[in-house]
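Inspection log for the structure reproduced underneath, given as structure tokens.
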Amino acid sequence: MNESDTSRHFLRQWIEKDVADGKTGGKVVTRFPPEPNGYIHIGHAKAVCVDFGMAKLFGGECHLRLDDTNPTKESDEYAENIKKDINWLGFQWSGEGDGKEPGFYNASNMFDKMYEIAEELIRRGQAYCCNLTQDEWKTYRGVPEKPGTPSPSRDTTPERNLELFREMRDGKYADGEWCLRAKIDMASPNIHFRDPVIYRIRHVAHYHLGDKWCVYPMYDFAHPIEDALEGVTHSMCTLEFEVHRPLYDWVVDRLDEMGLLPVRNGVKIRTQQREFARLNITYTVMSKRLLLQLVTEGHVDGWDDPRMPTVCGMRRRGYTPGAIREFCERVGVSKVESESDPALLEWCVREELNKTAVRRMAVLDPVKVVIDNWEEGSREVELPNNPLDESAGTRKIPFGREIWIDRSDFMEVPEKKFFRMAPGQEVRLRGACIFKCTGCVKDGSGAVAEIHGTWDVGSWGGNAADGRKVKGTIHWVDCATGVKAEVRLYDRLFTEKDPLKDGPANFLKYMNPDSLKVVEGYVEPALAAAEPGARFQFERTGYFVCDKPLVFNRTVTLKDSYKPAN
RNA sequence: UGCCUCGUGGUGUAAUGGUAGCACCGCAGAUUCUGAUUCUGCUUGUUGGGGUUCGAGUCCCUGCGAGGCAACCA
């Protein structure tokens, strides 16, 4: 799918019109503005695809901006990993940048400017310092149905406000003692217009600027300034910010009055915000807070646990950047809050891996088969690395008298339409020969310990000399040369479609106890050389990625239309 | 309840006043040395009621339902 085929969703039409109307000054500029307070997940990946995707579609640029205006939760570890994950997804920020790195910005690098703008607002009588406590303010702000009450400080003179604000900046006051409010409209039905806080005191070191500041701007003040001053034309965010848009526009209006809006090719660039629905996926949670809880309480092995919906987790699970992008493309962009089916994600990754992943044989639940009429020694089977891609070549696999097969490929008493191994029934051993089971021996507990049978000596390579058909083909690993490997079988993290149905405090009870099964199996010799990150299809089983030598993580199973007869 | 937003098959998404389409899921069949892939076919939909119009998923009114906002978080 190329750009021109992508959906003409409402954001795209919005930008198209602005371009046609000449509002962009010849360049569409978007931005992806994560707060470095956690790892990005598949939900952010959708935003990344939208923000970077729209810029690319219109030949513009997308800035990566770390929205680091709240020092209490942010860190460099998060910042670095966010950059790594975006790159891995296949995107590169571009544009001028606010330092050495093109396209890269920190909101915090604009703190000086924001502070100046705040002072200017004070001078113009559009902001004032307020020392109401948060509890008091609740009462003053009131409820949406009725107008609020003005703060007693609302009419302080600009001179006095300037003095107070500078004292705030200089550390004269404790956290929460004073704050700076925009002076807008205490009667507005939109709560965000009732004199919102735009600066608060935080005696906390910033991960990036150290203790340079003890006052920090609020999102509603900082974000439009960042967008406007960076020359962003189209600022896309999620639905919950819709109510903030009038405030966003208010700030941009003030910048306009101050003559601070940038001009490109003679066109004044006025940033605009639009909102789209965030991505939700059933059987998982997407909130950073809850993901953090899973990590810190040890319910998973870390942010990159392959069961996590984080980008780094999905990477370890074996998902490809292309599959994730395809998924984001296919779920589309709209304003309807919806829940996507994980089946679509799985389809996307199978779709890609089917074309690209190298085939190997692995037996995950081994039981031994002895070929009683086998001559001594071993032979070699040659199989394509990928039957869909001749250029992938072939490999040779040793085959001998004793092989492992999967326990589920044998039934002592076969049900109808069981095309695999069963006494008296012929089955093809993939690439090798036709085999007829003669019986099995059992251990003390009654479990099958060893299967016996004979091979059709005229069928080497897999086809019978007389041309008779064999319905079933199963995979195998040669006992003499097969290699032991650890395989992690992952399943969905939650058993409930909506793990939050009883509220975020109770989601843990819906965790899937079988979300991880570790098994030891045998894999064909070629897999001993697999390097971390290499992806394979284990034939008839699923797609797997090498986590470390001889350890494989299951990305997704193969589709399986075999249904056991009740 | 004040304001804002949104309702199209099971799920996601098109149709921008003119034949309700696509994809995933599901089901059935064909092919197959992976019960995979591939191919073919099928089931299922415009939130209710009024109105405007030759014609309404689309425009208007009114119900109903869902979500958001009321942090010195983003």
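Below, chains carry the letters A, B, ... as their sequence lines are ordered, and counting in each starts from 1.
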Integer-rounded Å distance: B/G68 C1' and A/Glu275 CD: 11 Å
Rounded interatomic separation in angstrom, taking CG from A/Asn386 and P from B/U34: 13 Å
Whole-angstrom distance between B/U19 and B/A28, as gauged at atom C1': 28 Å
Which atom of A/Thr541 lies closest to which atom of A/Leu364, heavy atoms considered: CG2-CD2, 3.7 Å
Nucleotide-resolved protein contact map, nucleotides 69-74 of chain B, B/S/- at heavy-atom distance under 4.0 Å: SBSBBB
Base of B/U34 paired with side chain of A/Gln537 (donor-acceptor, under 3.5 Å): yes
Nucleotide forming a Watson-Crick or wobble pair with B/G9, both distances under 3.5 Å: none
Euclidean distance, atom NE2 of residue A/His475 to atom C1' of B/G35 [Å, nearest integer]: 12 Å
Pairwise C1' distance for B/G57 and B/G48, with rounding to whole Å: 15 Å
Gap between atoms NE2 and P, on A/His9 and B/A15 respectively (whole Å): 12 Å
Proximity of A/Tyr207 and A/Tyr78 rings by center, below 6.0 Å: no
C1' gap between B/C27 and B/U53, integer Å: 42 Å
Check: A/Trp460 ring centre within less than 6.0 Å of A/Phe399 ring centre: yes
Sidechain N-carboxylate O distance under 4.0 Å for A/Lys172, A/Asp170: no
Atom pair distance, as rounded to whole Å: NZ in A/Lys471 and C1' in B/U34: 12 Å
Sugar-phosphate, base or nothing in reach of A/Glu539, heavy atoms under 4.0 Å: base
Listed nucleotide nearest any side-chain atom of A/Phe419, set B/U32, B/G26, B/G35: B/G35
Touch class at under 4.0 angstrom, heavy-atom based, for A/Val470 against every strand present: nothing
Sugar-phosphate only, base, or nothing, as touched by A/Phe276 at under 4.0 Å among non-hydrogen atoms: nothing
Euclidean distance, atom CZ of residue A/Arg12 to atom P of B/A14 [Å, nearest integer]: 12 Å
Comparing A/Lys146 and A/Asn463 on RNA chain B - which has the more 5′ nearest nucleotide: A/Lys146
Quiz item: cation-pi between A/Arg360 and A/Phe536, 6.0 Å / 45°: no
Span that lies between the C1' atom of B/U37 and that of B/U32, in whole angstrom: 9 Å
Interatomic distance, A/Lys559 NZ vs B/U32 C1' [rounded to whole Å]: 15 Å
Under-4.0 Å salt bridge between A/Asp406 and A/Arg540: no
Residues A/Glu242 and A/Lys335 bridged, charged N to O under 4.0 Å: yes
Complementary nucleotide of B/C69, counting Watson-Crick and G-U pairs under 3.5 Å: B/G2
Nucleotide forming a Watson-Crick or wobble pair with B/A28, both distances under 3.5 Å: B/U40
Sub-4.5 Å side-chain heavy-atom contact between A/Trp303 and A/Leu292: yes
Sugar-phosphate, base or nothing in reach of A/Lys355, heavy atoms under 4.0 Å: nothing
Centroid-centroid distance, A/Tyr248 to A/His244, less than 6.0 Å: no
Strand partner of B/C59, provided both Watson-Crick or wobble distances fall under 3.5 Å: B/G51
Length of the line joining A/Asp498:CG and B/A66:P, which is rounded to integer Å: 15 Å
Pair A/Lys497 + A/Glu339, salt bridge at N-O below 4.0 Å: no
Any residue meeting salt bridge (Lys or Arg N to Asp or Glu O under 4.0 Å) with A/Arg359, in chain and number order, not counting sequence neighbours: none
Salt bridge A/Arg31-A/Glu230, side-chain N to carboxylate O under 4.0 Å: no
Syn or anti conformation of B/A66, syn meaning chi within 90° of 0: anti
Nearest-nucleotide comparison on RNA chain B, the residue closer to the 5′ end among A/Lys417 and A/Lys335: A/Lys335
Separation of the P atoms in B/C6 and B/G10, to the nearest angstrom: 23 Å
P-based separation of B/U13 from B/G9 [nearest Å]: 11 Å
Gap in Å between the two C1' atoms, one belonging to B/C64 and one to B/G29, rounded: 44 Å
B/A15 to B/A56 separation - C1' atoms, rounded to the nearest Å: 13 Å
Sugar-phosphate only, base, or nothing, as touched by A/Arg350 at under 4.0 Å among non-hydrogen atoms: nothing
Could you write out each protein N or O paired with an N or O of nucleotides 10-12 of chain B at a distance under 3.5 Å?
unit_1 : atom_1 : unit_2   : atom_2 : d
B/U11  : O3'    : A/Glu339 : O      : 3.1
B/U11  : O2'    : A/Glu339 : O      : 3.3
B/G12  : OP1    : A/Glu339 : N      : 2.9
B/G12  : O3'    : A/Ser338 : OG     : 3.4
B/G12  : O2'    : A/Val331 : O      : 2.7

Under 3.5 Å on both distances, the Watson-Crick or G-U partner of B/G45: none
